[in-house]
Amino acid sequence: MSSPAALREGYEHFDPRAYLRNNYLPPRADFSSEEFVVPWKLRCLAETFASGEIRGRTLIDVGSGPTIYQLLSACDHFEEIVATDYLAVNREELGRWARGEPGAFDWSPFIQHVCKIEGRGEPWQDKERRLRQRLRRILPIDVHRPEPLGAPLLPRADALLSAFCLEAVSPDRAAFVRALAHVGNLLRPGGHAVLLGALGESFYLAGPARLPVVPLEESDVREALAAAGFALRELRSYAMPPALRTGVDDVDGVFFAHAQKPLEG
Ligand SMILES: Nc1ncnc2c1ncn2[C@@H]1O[C@@H](CSCCNC[C@@H]2Cc3ccc([N+](=O)[O-])cc3CN2)[C@@H](O)[C@H]1O
C-alpha cells in the first residue's frame, strides 16, 4: 500500500523521456496492426469523437503527462484544449512540443496514424497545426484536491479526457473514486468524460522512478464511475499481448471508458 506522501516522493524522480521511451516508442508504438495497443487506443478515441456528439468550447486533459497523442481526435471538436499535469517537467515537455521547439518528442507517427484512421485524407501537418493552435493552456493539477486546479475552472469544461493518470496516482480504489469525483467538478453538467487507463497494473517505471499503481479490473472502473456520479456510455478493454509486456510495468490491459455527467449534476 503506498501512501500519498510516498507517491509524491516517487514522482520527484519521474523522468519524462524515459516514460516516453517506455510507452511511446517501439515495441509499444507499433502501428503495423490493430492488434497492438497504440492503434487500439487511437481507434477508441477516433471512433468516440467521430460522431461529433462530444464537442464544445473547452476540453480539459487531466494528468496529460508528457504526451499529446490522446488529444489528436478530440482537438477537432473543441476551440480550446487545456492540458494539465502535476509535474513541471511534464508541463515543460508539453510546452516544447506545443511551440515546435527542437528536442521535443516526435509525435508525427501518431498524428499520421490518426489522420489515416480518421479517413478524411487530412495532411498530418494540418492536424499537428490545429492541435498546437488549440492547446492554449498547460496548467498544474493535483487530482487529490477537491479543486484540482487550485481554483474553479470557469466556465466548467464541456469535456474531460484523462489517460493513464488516476489509477497511477491513487493509493487504493477509494482514492481512485475520490480523484474521479474531484476531476468531475471540472466538468459541466451533461459534459462528457473520456478515460483511458491501465488494468491490473501495480507499478510502472519512468527512469529512476518506480511508481505504484492501484490494480483495477473493468468492474472497478464501472463501479468507480457510478460512485463518482457519472453515467456510463461505453466501456471497452484490451488485453496486453506478451510481446508488449516489456517489463516497464506489469500492466495486464487497458480500459477505454466514455461516460457522461448527468444534466442535473
Ligand atoms: N496528484 C496528481 N494529480 C494529477 N496528476 C498527477 C498527480 N501525481 C502525479 N501525476 C501525474 O500523473 C502521471 C501520469 S503518467 C501515469 C502513467 N501510468 C502508467 C503507465 C502508463 C501507460 C501508458 C501506455 C501503456 N500502453 O500499454 O500503451 C501502458 C501504460 C501503463 N503504465 C504523471 O504525468 C504525473 O506527473
Side-chain angles (χ1 to χ4, degrees), residues 2-31 35-45 60-70 83-94 110 113 138-150 160-171 175-176 178-180 182-183 186 195-207 209-216 237-256:
S2 57
S3 69
L7 269 169
R8 273 192 295 278
E9 195 273 336
Y11 275 104
E12 281 162 20
H13 305 292
F14 182 99
D15 172 356
R17 302 304 292 200
Y19 176 71
L20 289 165
R21 193 166 49 250
N22 293 347
N23 293 293
Y24 298 103
L25 291 177
R28 284 188 172 177
D30 182 331
F31 298 88
E35 304 297 307
F36 291 127
V37 65
V38 165
W40 184 85
K41 297 196 290 185
L42 295 176
R43 177 164 298 281
C44 287
L45 291 161
I60 184 165
D61 183 32
V62 171
S64 308
T67 71
I68 59 94
Y69 73 92
Q70 66 274 18
T84 66
D85 200 76
Y86 180 76
L87 293 178
V89 287
N90 284 334
R91 299 194 299 269
E92 287 153 14
E93 191 70 41
L94 291 173
F110 293 74
H113 186 80
I138 303 174
L139 304 178
I141 194 167
D142 181 348
V143 299
H144 298 312
R145 297 193 304 200
E147 281 295 356
L149 298 175
L160 176 156
L161 200 158
S162 189
F164 295 99
C165 173
L166 302 184
E167 71 278 4
V169 304
S170 299
F176 179 75
R178 284 196 302 275
L180 253 182
H182 293 161
V183 301
L186 302 170
L195 303 172
L196 277 163
L199 293 173
E201 182 177 46
S202 69
F203 81 92
Y204 75 100
L205 304 177
R210 185 186 191 283
L211 291 314
V213 182
V214 57
L216 298 175
S237 297
Y238 170 87
M240 194 65 78
L244 298 186
R245 292 174 187 256
T246 57
V248 298
D249 51 46
D250 61 350
V251 66
D252 284 337
V254 177
F255 70 83
F256 175 83

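Atoms within each ligand, like the ligands themselves, are counted from 1 in listed order.
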Peer 1: Measuring only between side-chain heavy atoms, which start at C-beta, is Val183 closer than 4.5 Å to Ser162?
Peer 2: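 No. Closest side-chain heavy atoms not under 4.5 Å.
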Peer 1: Run the side-chain hydrogen bond (donor to acceptor under 3.5 Å, both in side chains) test against Asp61 and tell me which residues pass, sequence neighbours left out.
Peer 2: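 Asp61 satisfies side-chain hydrogen bond (donor to acceptor under 3.5 Å, both in side chains) with Ser64, Gln70 only.
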Peer 1: Within the protein, flag every N or O under 3.5 Å from an N or O of ligand 1, and note the pair and distance.
Peer 2:
from     : atom 1 : to     : atom 2 : distance (Å)
ligand 1 : 1 (N)  : Asp142 : OD1    : 2.9
ligand 1 : 3 (N)  : Val143 : N      : 3.0
ligand 1 : 18 (N) : Phe164 : O      : 3.0
ligand 1 : 28 (O) : Lys41  : NZ     : 3.2
ligand 1 : 32 (N) : Glu201 : OE2    : 2.7
ligand 1 : 32 (N) : Asp249 : OD2    : 3.4
ligand 1 : 34 (O) : Asp85  : OD1    : 2.8
ligand 1 : 34 (O) : Asp85  : OD2    : 3.3
ligand 1 : 34 (O) : Asn90  : ND2    : 3.1
ligand 1 : 36 (O) : Asp85  : OD2    : 2.6
ligand 1 : 36 (O) : Asn90  : ND2    : 3.3

Peer 1: Quick one: are Leu160 and Leu195 in side-chain contact, heavy atoms under 4.5 Å?
Peer 2: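 Yes, at least one pair of side-chain atoms sits under 4.5 Å.
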Peer 1: Once side chain to side chain contact (heavy atoms under 4.5 Å, CB included) is applied, do any residues pair with His113, and if so which ones, sequence neighbours excluded?
Peer 2: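 With sequence neighbours excluded, His113 shows a side chain to side chain contact (heavy atoms under 4.5 Å, CB included) to Phe31, Glu34, Pro39, Leu42, Lys116, Ile117, given in chain and number order.
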Peer 1: Between side-chain atoms of residues 197-205 and protein atoms elsewhere (two or more places apart, or another chain), which donor-acceptor pairs fall under 3.5 Å?
Peer 2:
from   : atom 1 : to     : atom 2 : distance (Å)
Ser202 : OG     : Asp250 : OD2    : 2.4
Tyr204 : OH     : Tyr11  : OH     : 2.7

Peer 1: What I'd like to find out is whether the side chain of Ile141 reaches to under 4.5 Å of the side chain of Leu186, using heavy atoms alone.
Peer 2: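 Answer yes - side chains close enough.
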